[in-house]
Number of protein chains: 2
Amino acid sequence: MNKRSGIESKKRIINAALDVFSMQGYAKANMREIAKIAGISIGGIYLYFKNKEELYKSLINDRRRDLFNNVAATSGKSISATESLSNFLTTYLEYALKHKEFILLHIREHGFSFDIDKKREFFRQQIKPLEKIIIKGIHSGEFRKCNAKDIAKIIMASLRGVILSMALDDDVVITPKILTEFILIGLLKNGGEGKK
Amino acid sequence: MNKRSGIESKKRIINAALDVFSMQGYAKANMREIAKIAGISIGGIYLYFKNKEELYKSLINDRRRDLFNNVAATSGKSISATESLSNFLTTYLEYALKHKEFILLHIREHGFSFDIDKKREFFRQQIKPLEKIIIKGIHSGEFRKCNAKDIAKIIMASLRGVILSMALDDDVVITPKILTEFILIGLLKNGGEGKK
DNA sequence: GGTTCACATGAACAAACGTTCAGGTATCGA
DNA sequence: TCGATACCTGAACGTTTGTTCATGTGAACC
């Protein structure tokens with residue numbers, strides 16, 4: 001084999017691992033296949049990662065940070081709560097479409113494998129900005145009065161479901177626009193003004 | 001060991017398998033553990049199921065039929081589309097809470113393991129009644145004009161996400177009532193009457 | 001040329017897995 | 001008591017897996 005830089009080899013391994021882990025799940029994924037796809041020998045992987053678990057964790061943490069930065073980058077800019085919400089949803093959906101493999105992996109393995117605490121923390125941090133947007137919207141009079149915490153949970157859960165469905169089924173396409181609209185105005189014709 | 005009826009043994013195996021599969025996922029689940037929990041020997045399992053895959057499939061198919069019957073039982077009764085929708089959501093949420101293990105298993109393994117076609121068919125059949133409800137609501141004037149297919153997809157995806165979140169996080173509790181309300185009236189204060 | 005260093009290899013090992021099978025046991029009708 | 005039947009056992013087998021390690025190779029410096 002050609003001589004390569006350590007950095008390049010590591011990158012190759014990470015990419016291959018992301019492929020294999022997301023296609024097969026952690027348990028079924030096998031180091032030999034990752035090595036093959038990365039164009040390196042089995043032993044080679046262990047030069048860069050202590051073991052399978054470390055490889056997996058490293059992967060997940062990288063991507064999490066990435067997603068988090070993406071969301072942070074688009075928040076705080078917009079003026080109205082409606083706009084903020086739209087941006088929030090759009091950022092997530094677009095990121096998810098770009099990184100299907102990561103999404104699949106993350107949802108598949110969430111709550112089962114190691115590092116559960118980190119995962120819960122991650123999700124909690126995802127909800128926080130959403131809750132803020134809703135509170136802002138209520139205060140500004142854009143949104144109806146509601147329990148911001150509950151609604152944030154519902155929206156986050158729905159978003160997860162939408163992303164999951166799109167990642168799983170190629171023929172499920174839900175645009176940020178139509179999702180935002182649905183979340184904003186609901187189904188009823190008269191906007192449910194009879195309710196509190 | 002005590003002598004048991006074949007039927008009882010089979011039941012024990014199915015229950016144990018559901019536990020183990022949903023906790024560990026298909027790949028990591030191991031026959032010896034299932035046997036232990038079921039209170040039978042490894043060899044014993046193979047008296048009732050050809051192999052691991054058949055055991056898994058049998059499990060999944062049983063539960064799917066069960067859920068399907070549940071949904072079918074509560075549809076068609078109600079009068080207004082709003083009521084129908086509420087029933088639909090409630091049935092799913094309640095079933096999901098009762099059978100967390102199955103839900104976890106189903107979502108975890110969807111699109112990855114064998115029998116993918118059956119799974120897609122299952123999801124398509126889930127969406128159909130929902131779409132009908134929406135069309136009914138539009139015709140009756142209860143719901144705003146919208147693309148019923150798209151909205152059905154969004155609602156189904158959201159429902160999946162809500163169920164997933166509740167199954168994964170014990171502290172995420174979303175009642176059918178609050179979910180229904182949210183889907184019906186959305187977030188905006190004025191119901192978005194400016195939109196088409 | 002010799003030495004050092006970073007990078008790479010894949011046979012070998014131990015553990016864990018799904019599955020098989022030769023045999024064992026309780027129950028019951030004859 | 002004697003099969004016959006239904007139910008059950010777990011050692012054994014072959015395979016696959018994660019991981020290790022003795023060994024190899026090319027480039028850079030002296």
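Just so you know, these numbers use all the heavy atoms, side chains as well, and skip hydrogens, waters and symmetry mates. Letters go in sequence order (proteins before strands), and every chain restarts at 1.
- Comparing dC17(C), dT19(D), dT19(C) by their nearest atom to the side chain of Ile42(A) picks out dT19(D).
- OP1 and OP2 of dA6(D) both lie 4.0 Å or more from every side-chain N or O belonging to Ser5(B).
- Of the candidates dG18(C), dT19(D), dT9(D), the closest approach to any side-chain atom of Lys52(B) belongs to dG18(C).
- When rounded to the nearest whole Å, the span between CD of Glu8(B) and C1' of dA26(C) equals 15 Å.
- The nearest whole Å value for the distance from the NZ atom in Lys36(A) to the P atom in dA8(C) is 19 Å.
- Comparing dC17(C), dT9(D), dT19(D) by their nearest atom to the side chain of Asn51(A) picks out dT19(D).
- Using bins of under 30°, 30° to 60° and over 60° for the plane-to-plane angle, the ring pair Phe21(B)/Tyr26(B) lands in the parallel bin.
- Between the CG atom of Asn30(B) and the P atom of dT19(C) there is a distance of 12 Å, rounded to whole Å.
- Tyr48(A) comes within 4.0 angstrom of the backbone, heavy atoms only, and of no base.
- The side-chain heavy atoms of Phe143(A) and Thr82(A), taken from C-beta on, include a pair separated by under 4.5 Å.
- A side-chain N or O of His106(B) and one of Arg64(B) form a donor-acceptor pair less than 3.5 Å apart.
- Leu187(A) has its side chain within reach of Leu85(B): a pair of non-hydrogen atoms, C-beta onward, lies under 4.5 Å apart.
- Within the 4.0 angstrom heavy-atom criterion, only backbone atoms of the sugar-phosphate kind lie near Gly6(B); the bases stay farther away.
- Side chain of Leu47(B), nearest nucleotide from dT9(D), dT19(D), dC7(C): dT9(D).
- Dashed line: the shortest gap from a side-chain N or O of Ser9(B) to OP1 or OP2 of dC8(D) is under 4.0 Å.
- Atom pair Lys28(B):NZ and dT17(D):P shows a separation of 16 Å (rounding to whole Å applied).
- When rounded to the nearest whole Å, the span between CZ of Arg32(A) and C1' of dT9(C) equals 13 Å.
- For the pair Met31(B) CE and dC13(D) P, the computed distance is 21 Å after rounding to whole Å.
- Nucleic acid contact class of Ala29(A) (heavy atoms, under 4.0 Å, all strands): sugar-phosphate only.
- The listed nucleotides are dT20(D), dA8(C), dG18(C); the one nearest the side chain of Tyr46(A) is dT20(D).
- Atom P of nucleotide dC7(C) and atom NZ of Lys10(A) are separated by 11 Å, given to the nearest angstrom.
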Would you check, one step at a time, whether the test side chain to side chain contact (heavy atoms under 4.5 Å, CB included) holds for Asn15(B) with Ile37(B)? CA-CA 9 Å; Asn15(B) 285 336; Ile37(B) 293 180; over 6 Å; no
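- Distance CG (Leu55(B)) to P (dG18(C)): 11 Å, rounded to an integer number of Å.
- Closest approach to the Ser41(B) side chain among dC8(D), dT19(D), dG18(D) is made by dC8(D) (side chain taken as heavy atoms from C-beta onward).
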